[in-house]
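The structure appears below as structure tokens.
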Amino acid sequence: ELQISSVDEWLGIGKDACEQLLVRARKLIHQASYSSLDASGIRRLLPQNFHDNLAKLITQIVLHHLPSWRDELVDSQISLPKLTEIDWRVDVKTAANNISRMAVPA
């Protein structure tokens, strides 16, 4: 609620128009993130009569942030545990009948 009121004041638009703008921006980002779209695909998500320079700017912004948004989506998904790193070693020990001949790794 606080975010919408500050955005609508900043843009000089009504609260309803601001809510629609944020919902549509979220849909655009969601579709671009899940569909692996390129620049032309993102442009097709915008209305046909959309201002050309604004469409180019929005497309550039979405393409710039798309990799980090995808990483966040993957990280936030609930999934089975996965091994990310392993640290291992092998210790070799030789044995003999005589205790003085036993070698212990350092």
**Request:** Share the residues that join L73 in a hydrophobic cluster, the rule being Ile, Leu, Val, Met, Phe, Trp or Tyr side chains under 4.5 Å apart at the heavy-atom level.
**Result:** Y34
**Residue pairs fulfilling side-chain hydrogen bond (donor to acceptor under 3.5 Å, both in side chains) with at least one residue in residues 37-64, sequence neighbours excluded** = D38-S40
**Item:** R26: partners by side-chain hydrogen bond (donor to acceptor under 3.5 Å, both in side chains), with sequence neighbours left out
**Value:** none
**Asked** Cluster question for you: counting only ILVMFWY and a side-chain heavy-atom cut-off of under 4.5 Å, with indirect links fine, are L45 and V23 together?
**Response** no
**Item:** CG/L83: more than 12 non-hydrogen atoms of other groups inside 6.0 Å
**Value:** yes
**Closest non-hydrogen atom pair between A39 and L63, with its separation** = CB-CD1, 3.6 Å
**Request:** Identify whether I42 and L22 are in the same connected component of the hydrophobic contact network (ILVMFWY, side-chain heavy atoms under 4.5 Å).
**Result:** no
**Item:** Rounded distance [0.5 Å steps], OG in S33 versus CG in D71
**Value:** 10.5 Å
**Message:** For L66 versus L37, what's the shortest heavy-atom pair and its separation?
**Reply:** CD2-O, 4.0 Å
**Request:** Would you check if D91 and R89 make a side-chain contact, meaning some heavy-atom pair closer than 4.5 Å?
**Result:** yes
**Asked** In this structure, are over 12 heavy atoms from other groups packed under 6.0 Å from R24 atom CZ?
**Response** no
**Item:** hydrophobic_cluster_shared for L28 and L54, side chain cutoff 4.5 Å
**Value:** yes
**Message:** Grouping I, L, V, M, F, W and Y whenever their side-chain heavy atoms are under 4.5 Å apart, do I29 and L46 come out in a common cluster?
**Reply:** yes
**Asked** Can you get from V74 to L80 by hopping between Ile, Leu, Val, Met, Phe, Trp and Tyr side chains that sit under 4.5 Å apart?
**Response** no
